[in-house]
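The structure under discussion appears below in the form of structure tokens.
To find a chain, count down the sequence lines: A is the first, B the second, and so on, and within it residues start at 1.
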Amino acid sequence: MEEIKQLLTNVCKQLFDLDIMPELTRPDVKFGDYTTNIALVLSAKLNKTPRDVAVMISDKIDSTLISKVDIAGPGFLNISLTDDALVKTMISAAAKPLLGQVAVVEYSDPNPFKVLHAGHLYTSVVGDAIANLLETAGATVHRVNFGGDVGRHVAQTMWAIIDKLGGENPEKLSAIAENERAPWMAECYISGTAAFETNEDAKQLILELNKKIYAIHANKDHDSALSQIYWTCRTWSYDYFDAFYERIGSHFEKYYPESEVADLGLTTVKEQLSKGVFEQSDGAVVFAGEKHGLHTRVFINSQGLPTYETKDVGLIMTKWNDYHFDKSVVITGNEIEQYMSVVLKAIEQFAPELVKVTSHLTHGMVKLKGGIKMSSRLGNILRAVDVLDAAAEANQLATGKNDVDIELGAVKYAFLKQRTGGDIIFDPESSIKLEGNSGPYLQYAHARARSILSKKTLTEKQPITNLEGFERDLTRKVGEYQSIVSQAVTELMPHYICTYLYELAQVFNRFYEQNKVIDDPRENIRLQLVEAYANTLRSGLDLLSISAPEQM
RNA sequence: GUACCCGUAGCUCAGCUGGAUAGAGCGUCGGCUUGCGGAGCCGAAGGUCGUAGGUUCGAAUCCUAUCGGGUACACCA
């Protein structure tokens, strides 16, 4: 592809003495392998008709890679590659544009003392894919997680916990069975939140508790009854998170609790307050975003406590200190998009180099098609396990079996196939289906191709030449993989991979429908194509953190 | 009120750094099976790309206005 671009650049230089960067796109198969619109772009500048320009360029093109150049439509140049060039593209190694770079990807971000909801599942799935993409582009990737182990939500849960324990009685926690811990805390969060909103006395107690919990961290208190309850329950939360990540196959290198970054945030904000980045307002410390077309946000509240904004400042600084990254990606729900703009704008005032390499990627909400029986006991939210259970249930219903790899593949693919940004309407039933654009369809497609390969082992490989129609289509499609991956990397958009893999499987199925592989005179070449296809499929599924079974 | 996101086939979505007849899947209707996994393949019907202007040789894509939906806007996270 780069060779073709270079060729076009050279031709235009010779013909018109113009330096151009030609655009090369992959058109519909019937038009050829590549298309460029340079003739249309140049025609105005040269004061010639697009077709005349196209003819001039076309006549001048001479390359062993190209078998044919057609002029079509208003003046497109449709380029067809030789079989050799096509095969070369198919087996070309992946580009590593980020080689040597350090990337930090932060995602999932669940809060201790709260339940994991569907959004956590979504961001985990997207984050894994983004991290994989950066990794495949050559970067050293650090997957990190962040969560609020201090703050009002914690105080709310703690208030309810203490209430249920009949006071600060940590020894009573042992009465709660291991598998009941997470749901029990989730309930406490619900009742604590309700109390905060409706009960003035409780509200005051919770605000007091909030300060006390900060003090536990400040004093490294592990002795007081309150701190024992706190540390035990925080550990329960982490255990619950770990179990969940294990279940979905996510792995984090580091978990940043808010309590560990809040101090750095606080000192940074205070330091910048004196330099005029932040200002005092009604007893709080704020960043006046209006100057930058944004809105004002509070960084330190009038009680002197850091808000989420300041913790985010601390987090970014901490990540920088830990990794000195070349690229930092933060993935969150889209409801905090404008919030994050303010935080980043504030940081930009004193550390522009960090903000410059930071991307904030947002996603929408997950909604279950047809709704779900909401439990008010659990706060009427769609929990992460509800989504996984829905997929498992659909699989059980459809196949009578439970296969975790298939169920996870179904959920992950359903989440990833859509462009990241908007809401997702998750339909468990169609996600689990092996027909249509689903994860299991691709898993099945892979297993099927492996099954062909398992029947015959190639001892020597013949050169792939004289490609026939469907062989050629498959070769061409497999060859697109690398450019699709680099597009996904550049835009941090995993859905390009999904779209491509699905198209790839369709192209293969067409080939397979028409061509016998085993015991055909072209068996050797076709087996090589099947293998290249299967490897590409597996490689793509790997990027999505979806398993590619050998059989199913 | 201000800012951001979204509006494409009955449903769920691609396509958006402007380019050829706007594409998939599901659903609907019709065909293909003596061949390696038919969980597939081929075909048909189905679209004023929210609406109205503008820029352009060319607009789903860019600009403006407008309607509809969502979200965020001071001490929650």
When all nucleic acid strands are considered with a 4.0 Å heavy-atom cut-off, which category describes [X]: base, sugar-phosphate, or nothing?
X: A:Phe511; value: nothing
X: A:Glu435; value: sugar-phosphate
X: A:Asn37; value: base
X: A:Ser281; value: base

Check: A:Lys477 main-chain N/O paired with A:Tyr500 side-chain donor or acceptor under 3.5 Å: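 Checked: pair present.
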Chain A footprint on RNA chain B, 5' to 3' - any atom under 4.0 Å from a heavy atom: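 Contacts span B:A3 to B:A77, reading 5' to 3'.
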Range-with-range stems for RNA chain B, at least three Watson-Crick or G-U pairs under 3.5 Å: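 RNA chain B stems, ordered by first number: B:1-7 with B:67-73, B:10-13 with B:23-26, B:28-32 with B:40-44, B:50-54 with B:62-66.
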Under the side chain to side chain contact (heavy atoms under 4.5 Å, CB included) test, residues paired with A:Gln396 that sit two or more places apart: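 With neighbours one apart ignored, the set is A:Asn402.
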Nucleic acid contacts - residues 484-493 of chain A versus RNA chain B, non-hydrogen atoms under 4.0 Å: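 Listed by number, there are none.
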Of residues 286-311 of chain A, the positions that come close to RNA chain B - non-hydrogen atoms, cut-off under 4.0 Å: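 Here the set is A:Val286, A:His295, A:Thr296, A:Arg297, A:Val298, A:Asn301, A:Ser302, A:Thr307, A:Tyr308, A:Lys311.
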5′-ward residue of the pair A:Tyr339/A:Gly422 relative to RNA chain B: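 Its nucleotide being nearer the 5' end, the pick is A:Gly422.
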By side chain to side chain donor-acceptor pair (under 3.5 Å) - contacts of A:Gln443 (at least two apart):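 Expected list: A:Ser547.
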Distance, P atom - from B:G68 to B:U28, rounded to whole angstrom: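 After rounding to an integer number of Å, I get 36 Å for this pair.
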Side-chain heavy-atom pair A:Thr49, A:Ser43 within 4.5 angstrom cut-off: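 With C-beta onward as the side chain, the pair stays apart.
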